[in-house]
Amino acid sequence: MPSAHEDLLPSPWSVAGRTLGSRFFLGTAGYPSPQVLQQAIAASGAEVVTMALRRQLAHGAEASDFYAMVRSSGAHILPNTAGCHTAREAITLAHMAREVFDTPWIKLEVVGDAHTLQPDPFELLEAARQLVLDGFEVFPYCTDDLVSCQRLLDAGCRILMPWGAPIGSGQGLVNPGALRTLRARLPGVPLIVDAGIGSPADAVQAMELGLDAVLLNSAVAQALDPVRMAQAFRLGIASGRLAYEAGIMARQDMAVASTPVTGRPFVL
């Protein structure tokens with residue numbers, strides 16, 4: 001019987017050779033102020049935060065101060081290639097990010113459609129294959145298509161980041177069945193739901209499906225109170241993972257009495 005609250009926390013997990021206690025990856029864009037972002041990171045308990053190199057390049061000294069502030073949180077930086085539309089562009093940006101952020105981790109994004117911001121599976125695969133050869137730990141932002149995900153694994157990716165819904169849409173998990181299939185078919189692969197999460201309830205659902213972590217940005221940054229929302233997600237993600245680890249009861253087609261009417265109520 002657990003004797004302390006800490007014993008009730010979800011179990012630690014490993015991704016890309018790093019052991020993490022938190023299963024919450026947090027984005028750093030669009031907050032009301034750097035101070036609010038700093039407080040939100042602390043409230044979230046996130047040990048990994050994402051940053052776009054394009055921000056660094058576009059804002060110069062101001063961006064350097066921003067990067068220093070984020071780094072002071074102690075979280076590991078996961079650079080991303082947001083805004084890229086071709087494999088060549090993403091590969092170039094990834095190499096620049098490795099120099100700027102001093103990490104081989106890269107969240108690989110290659111947009112294929114300007115309306116949905118859906119990943120381009122062909123350019124994404126090409127970029128992933130090259131970056132793996134170049135020594136990167138590639139976190140590919142991909143769709144929930146099983147075959148596309150398998151091809152990324154064949155290319156050397158060890159982590160997948162399937163979308164829940166289009167980026168910034170807040171729609172939640174539009175195809176939970178596909179995510180459930182990914183979990184069943186790829187049991188040993190870290191799966192991080194990325195994009196489309198709107199509320200902590202969506203994050204709970206993802207964790208209850210057995211996915212390993214959740215990455216989000218807009219749902220916290222655009223909340224009326226980002227700091228309190230960051231904590232709400234922290235609790236929701238932990239709750240969903242605990243439920244998955246505890247074993248969620250199977251759904252039944254018919255009612256099943258919870259109180260026995262015959263026999264002994266307890267096994268002695």
Side-chain angles (χ1 to χ4, degrees), residues 12-29 37 40-41 44-57 63-64 66-84 87-111 119-120 123-143 148-149 151-164 167 186 188-195 197 211-217 220 237:
W13 66 299
S14 295
V15 59
R18 191 180 186 95
T19 299
L20 303 173
S22 171
R23 294 172 180 270
F24 188 1
F25 286 33
L26 186 64
T28 58
L37 169 60
I41 293 173
S44 73
E47 297 171 58
V48 177
V49 297
T50 63
M51 288 187 69
L53 178 60
R54 288 182 182 276
R55 177 191 179 101
Q56 296 293 110
L57 298 177
S64 296
F66 178 82
Y67 172 48
M69 182 273 292
V70 172
R71 191 149 201 177
S72 70
S73 71
H76 189 79
I77 304 295
L78 174 60
N80 65 59
T81 62
C84 291
R88 181 187 296 272
E89 186 181 9
I91 291 168
T92 299
L93 200 63
H95 279 271
M96 295 172 67
R98 181 161 63 179
E99 295 299 317
V100 171
F101 296 109
D102 190 29
T103 176
W105 286 18
I106 191 72
K107 180 190 170 189
L108 180 61
E109 300 182 37
V110 185
V111 174
D120 183 321
E123 295 291 313
L124 182 69
L125 180 59
E126 181 182 342
R129 184 179 290 116
Q130 183 59 54
L131 289 173
V132 168
L133 291 175
D134 293 342
F136 284 86
E137 189 69 67
V138 179
F139 292 65
Y141 167 57
C142 54
T143 66
S148 295
C149 287
R151 295 295 175 266
L152 288 166
L153 296 174
D154 292 342
C157 296
R158 300 193 296 169
I159 303 115
L160 296 172
M161 304 186 80
W163 69 348
I167 291 174
L186 308 172
V189 178
L191 299 177
I192 304 168
V193 175
D194 180 14
I197 297 295
L211 281 81
D212 296 282
V214 170
L215 189 155
L216 60 91
N217 187 164
V220 170
I237 290 168

Only counting residues at least two apart or in another chain, list the ones meeting side-chain contact (heavy atoms from CB on, under 4.5 Å) with [X].
{"X": "A128", "result": "L108, V138, L152, C157"}
{"X": "E123", "result": "T86, A87, V110, D120, E126"}
{"X": "V111", "result": "H85, L117"}
{"X": "L186", "result": "L146, C149, Q150, L153, L160, L182, V189"}

Suppose we screen for ring pair (Phe, Tyr, Trp, His ring centres under 6.0 Å). Which residues come up paired with F136, at least two apart in sequence or across chains?
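For F136, the residues satisfying ring pair (Phe, Tyr, Trp, His ring centres under 6.0 Å) (neighbours in sequence not counted) are H95.
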With sequence neighbours excluded, tell me which residues meet ring pair (Phe, Tyr, Trp, His ring centres under 6.0 Å) with W163.
none
Where is the tightest heavy-atom contact between T28 and F66, given as atom of each residue plus distance?
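Heavy atoms only, the tightest pair is O-CZ, 3.5 Å.
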Which heavy atom of F101 sits nearest a heavy atom of R71, and at what distance?
O-NH1, 3.9 Å
Separation of [Y] [atom2] from [X] [atom1] (nearest 0.5 Å):
{"X": "L78", "Y": "I159", "atom1": "CG", "atom2": "CD1", "answer": "9.0 Å"}
{"X": "I106", "Y": "L53", "atom1": "CD1", "atom2": "CG", "answer": "8.0 Å"}
{"X": "I167", "Y": "E109", "atom1": "CD1", "atom2": "CD", "answer": "5.0 Å"}
{"X": "I91", "Y": "T81", "atom1": "CD1", "atom2": "OG1", "answer": "10.0 Å"}
{"X": "W105", "Y": "T50", "atom1": "CH2", "atom2": "OG1", "answer": "12.0 Å"}
{"X": "L124", "Y": "L131", "atom1": "CG", "atom2": "CG", "answer": "10.0 Å"}

My understanding is that only residues two or more places apart in sequence, or in another chain, count here; which of them pass side-chain hydrogen bond (donor to acceptor under 3.5 Å, both in side chains) with [X]?
{"X": "N80", "value": "none"}
{"X": "S72", "value": "none"}
{"X": "T143", "value": "none"}

With a 4.5 Å cut-off on side-chain heavy atoms, are L215 and V193 touching?
no
Taking only residues two or more places apart in sequence, or in another chain, which ones meet R151 in a salt bridge (charged side-chain N to carboxylate O under 4.0 Å, His left out)?
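Result, salt bridge (charged side-chain N to carboxylate O under 4.0 Å, His left out) vs R151: D154.
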Do any side-chain atoms of residues 14-26 form donor-acceptor pairs under 3.5 angstrom with protein atoms, and if so which ones, sequence neighbours left out?
| unit_1 | atom_1 | unit_2 | atom_2 | d |
| --- | --- | --- | --- | --- |
| S14 | OG | T19 | OG1 | 3.4 |
| R18 | NH1 | H76 | ND1 | 3.3 |
| S22 | OG | F24 | N | 3.1 |
| S22 | OG | G45 | O | 3.4 |
| R23 | NH1 | D212 | O | 3.0 |
| R23 | NH2 | S11 | O | 3.1 |

Kindly determine whether D194 and F139 satisfy side-chain contact (heavy atoms from CB on, under 4.5 Å), including the steps that lead there.
CA-CA 10 Å; D194 180 14; F139 292 65; over 6 Å; no
Closer than 3.5 angstrom, by distance alone: can the side chain of N217 be matched with the main-chain N or O of A29 as a donor-acceptor pair?
yes
Tell me, which pairs form a salt bridge (Lys or Arg N to Asp or Glu O under 4.0 Å) where one or both residues lie in residues 131-142, sequence neighbours left out?
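Residue pairs with at least one partner in residues 131-142: E137-R158.
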